[in-house]
Each structure stands twice: as structure tokens, then as C-alpha cells.
There are 2 protein chains.
Amino acid sequence: MQSRTPAGRTGRPRSAAADTAILAATRAALVELGWSKLTLGDVATRAGVAKTTLYRRWAGKNELVVDAVAELFDELRLPDSGTLAGDVEGVVLQFAAILARPEAKSGLMAVVAESTRDEALRERIRASIVERQKRLVVEGRARAQGRGELPPETASEEAARTVDLIFDIVAGAVVHRTLVSAEPADEEWVRGFTQVLLTGLAGAGEEPASPP
Amino acid sequence: MQSRTPAGRTGRPRSAAADTAILAATRAALVELGWSKLTLGDVATRAGVAKTTLYRRWAGKNELVVDAVAELFDELRLPDSGTLAGDVEGVVLQFAAILARPEAKSGLMAVVAESTRDEALRERIRASIVERQKRLVVEGRARAQGRGELPPETASEEAARTVDLIFDIVAGAVVHRTLVSAEPADEEWVRGFTQVLLTGLAGAGEEPASPP
DNA sequence: CCGTTACGCTACGACTCGTAGCGAAAGCTT
DNA sequence: AAGCTTTCGCTACGAGTCGTAGCGTAACGG
């Protein structure tokens, strides 16, 4: 968040209700208009605030949409299924459910595209969206190592690289499936993906050990 | 392409030189301005043509950028390294090299974002960019099956699903690494990725069988 | 009650968009 | 060589958006 009133501050405080109304209006506008046709004037009207209020709180369209989309990822939780495969499937299904929403599709990819030319924007995305997801990978990996499903820790630098690699594979696959292939990442797909991730391509032909 | 002069047509033909100049100017504008600040008027000036000529050939910014970016993928070739791992690494490195270019980063993701609200645009992307990449997966997989590195074909519908899955994993990982994590998909990363893809997470700690 | 800050509203110049209309140019056909 | 057809470059235009400035009012804290 960025609109927190600095602690020992005088004067009229910023309306917290306006913040939530603006972010909700932004998501609604993303659904109806998409990124390119979304205008800040329209968002202001939807939220019931003045256009100038928007410009007082956000630098521009990019920052506003990042904050609006970031809230969608608040609900991400790491399930405790007891097995690595179960944890992966659970997280991926949650991630896929978020990405299936139209405001996430059009908003997230657009700001990522913009972030290729804006270092500050990329950092904002990283801090408010990506880092939260990556923490799930770290925790899930640690659990699996504790159960002996994954080889134990090596050097810490090597571990960081591995986490980054896993994260790029998991998040990238779901994003590509949802946005580029434009097919749902449903349970069947997630099962297949998880099997490839855990056992590799060669093992992908075999059935998993436990049919229901 | 869309500006081919219909076969038995009379009148002045469209300038092919204008086409290439416009697409090159579009890529240059993508590098300098990025997607959001790119204007068709600016592209026309760079290409040395009138703005109206642009509107006669392309419906809008989206279609123009898709064509401009699609040309970047013309150079994709499937290397014949003799092993599945080598083929995967070769293709991924080529793909990564293309995605490393700024005109690909800002252009490709932006049109993908737009395509979530435009069915025709998504089809245009699929036909001119995605399908070409997917063919490499199909061919590489067939070669590996011929060498016995992958289990042979099952049902054809099952095979299509597998190809789609592999494609989403490979392309998604490279895209996510390059655009979201904003780190280069260099040889070291590609080696690690290929190993996970072929042997799975559990085998990712082991060294590959054949050191040079 | 007073100082300070946020808010809503209006207005503004600058810019981009996509289109229309025109005369000239470049092909093919006869 | 003349005629037909289509494209091209150019200019101009209304419509819409941008981001900001200015003003009076509202909501807090001391």
C-alpha cells in the first residue's frame, strides 16, 4: 500500500474507503475495457471520486493496475496435503484460478510488458506480487525436504538458484497455458504438469502410483 | 502477411519495400518508446510513409506489432545435436536470445495481454508465432522417440495433450525467467532447466551423465 | 477555534486518434 | 500511347484523453 497516512501527521487523513473503491473500480474497468482502453478518468467516475484524487495517490496507470491486481493474490495459501505432489497441485490450482479471472489476465500481462522499460515498476511488481508467490515455493520445498521427497539443502546460493528455477517453471507454465494457449489449467492439466515436474519427461508416460 | 496483392488484380501494387520499412520502424519504436507510448503516427514518420498508408494495411496497433514481432521468430531452427537434452538446450537458447531483445519483450507481452480480450488477435498470434514454435516441440519429440529417449506414441489425442503440455512448460519458463524474473536465460540456467524437464525435481540434484 | 491536509469540481493546452478528401504516381490492359 | 484501377503522400478535421492548475470546501489534530 502507499496511501497510509504518515504517523504523526496533521490535516485531513486520506480516505481508506476511497482506496478500496478505486482498486475495485480499476478491476471492474479491466474486465469491461481491458488494459489499453482503460482510462483514469473512467476509473475515477466508477469509484465515485474525482480524477485528481487518483493522480494524488498513484503516479499513473501502471502503478494503479499493479496495486489493483496484487490484491487478487492475497488469497494464495500453501495447502498441507502431506505430499510434494499434492502441495504442488494445490498451489497451481489456486494460481490458475486467479489467472482465470479476466482482470488478472489483461492487467497482469500488460504491466509486466510495461515493466520491461521501467525498473521501478518491475520492482513494485516483484515486491507486491512475485515475492509472495515465491515464498510458497520456498516453504513447499522445505517441507518436501523434511519428508525426504527432495534431496537436502546444498550451498545456499545453489538453493536460491533452484528455487528461482522451480518458480519460473511453475509460474511460467501456468501463465503460458492460461494466456497464450488460452486453455484452462484444470485438474487434469495440473496432474500432468505436476508429474512432469516431479519425475521428468521420461516418466511422464507412466501412471502415478495411486489411482483413487 | 496480409498485404500481398491478390493475384489477378489491376491497379498500382502495394509497395513491398514499404511493408519491410514499416515493420522495421515498428520494432525500432518498440525499443525506444515501448508499447504504450508507441503511436502509429510516429511509426509512419520513421518508416518514411504516410500515416494513412499504415491504416490501409493494418487494422490497428495490435495487428501491426504482432506482425513486426513475428518476424523475429523466423530464425528459429531445431538443431540436430543427437540427444534430447541437446536439442532442448539448443532450442531454448535460441528462444531466449530472441526474447532478450527489447522489441520482443515489450511487444510480445503487450499483444498477448491485449489478446485476452480479442479472439481474432489471439488467433493471429497463434498462427504467426506460437504454431511455429510448437512445431519444433513436435519434431524434437519425434526424434527423441526414434532414439528411444522418450516412450513411443500412445493415442493421438493423448500425444497432442503431451505436446501442448511440454510447449507450455518450455515456453512459459523462458518467458517467465526473462520477463518476470528479469534474469538472463543463459547457458547455466538452460542446463538446469533441461535437467528438471527431463529427469524431474528429484533428479535435479544429480549431475548429468556425460561431462564434456 | 485554527492550522493543515485531502477532497470535489472546473477548466485548460497539448497530444493522439482514426478518417475524409484530394491530386499524383505506378502498374496492367488494349 | 491512351485509359483504367489502385495505391500513395499530404492536409485537415472532430473527437477523445492526458495530466495539471486553481479554487472553495471538508475532515482531522492541537
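Every chain is numbered from 1, with letters handed out A, B, ... down the list of sequences.
- What separates NZ of B/K61 from P of C/dG18 is a distance of 9 Å, to the nearest Å.
- The interatomic distance linking A/D19 (CG) with C/dC7 (C1') rounds to 14 Å, in whole Å.
- For the residue pair B/V92 and B/W189, the shortest heavy atom distance occurs at CG1-CZ3, 4.4 Å.
- Salt bridge annotation for B/D19-B/R57: present, with a cationic side-chain nitrogen under 4.0 angstrom from a carboxylate oxygen.
- Put simply, OH on B/Y55 is 13 Å from P on C/dA20, counting in whole angstrom units.
- Below 30°, between 30° and 60°, or above 60°: for B/F95 and B/F73 the angle between ring planes is between 30° and 60°, a tilted geometry.
- C/dC15 atom P lies 18 Å from atom CG of B/L40, rounded to whole Å.
- Between B/N62 atom CG and C/dC17 atom C1' the separation is 14 Å, expressed in whole Å.
- Atom CG of B/D42 is separated from atom P of C/dC15 by 14 Å (rounded to the nearest Å).
- If B/G41 and B/G11 are placed on DNA chain C by their nearest nucleotide, the residue sitting closer to the 5' end is B/G41.
- Picking from D/dC8, C/dA6, C/dG18 the nucleotide with the shortest atom distance to the side chain of A/R57 gives C/dA6.
- Among the nucleotides D/dG19, C/dA26, D/dT5, the one closest to any side-chain atom of B/R12 is C/dA26.
- A donor atom on one side chain and an acceptor atom on the other are found under 3.5 Å apart for B/E114 and A/S36.
- Under a 4.0 Å N-O distance rule, the pair A/K37/A/E32 does not qualify as a salt bridge.
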Pull out every protein N or O sitting under 3.5 Å from an N or O of nucleotides 10-12 of chain D, one pair per line with the distance.
from, atom 1, to, atom 2, distance (Å)
D/dC10, N4, B/T52, OG1, 2.9

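- Taking atom NZ on A/K37 and atom P on D/dT17, their separation rounds to 12 Å, with Å as the unit.
- Salt-bridge annotation for B/D118 and B/R122: absent, with no side-chain N of the basic residue lying under 4.0 Å from a carboxylate O of the acidic one.
- One atom, CH2 of B/W58, and another, P of C/dC17, lie 16 Å apart when rounded to the nearest Å.
- Screening residues 84-96 of chain B for salt bridge (charged side-chain N to carboxylate O under 4.0 Å, His left out) gives B/D87-B/R143, B/D87-B/R147 as the qualifying pairs, with residues at least two apart or on separate chains.
- The shortest distance between the side-chain N/O atoms of A/T53 and the OP1/OP2 oxygens of C/dG8 is below 4.0 Å.
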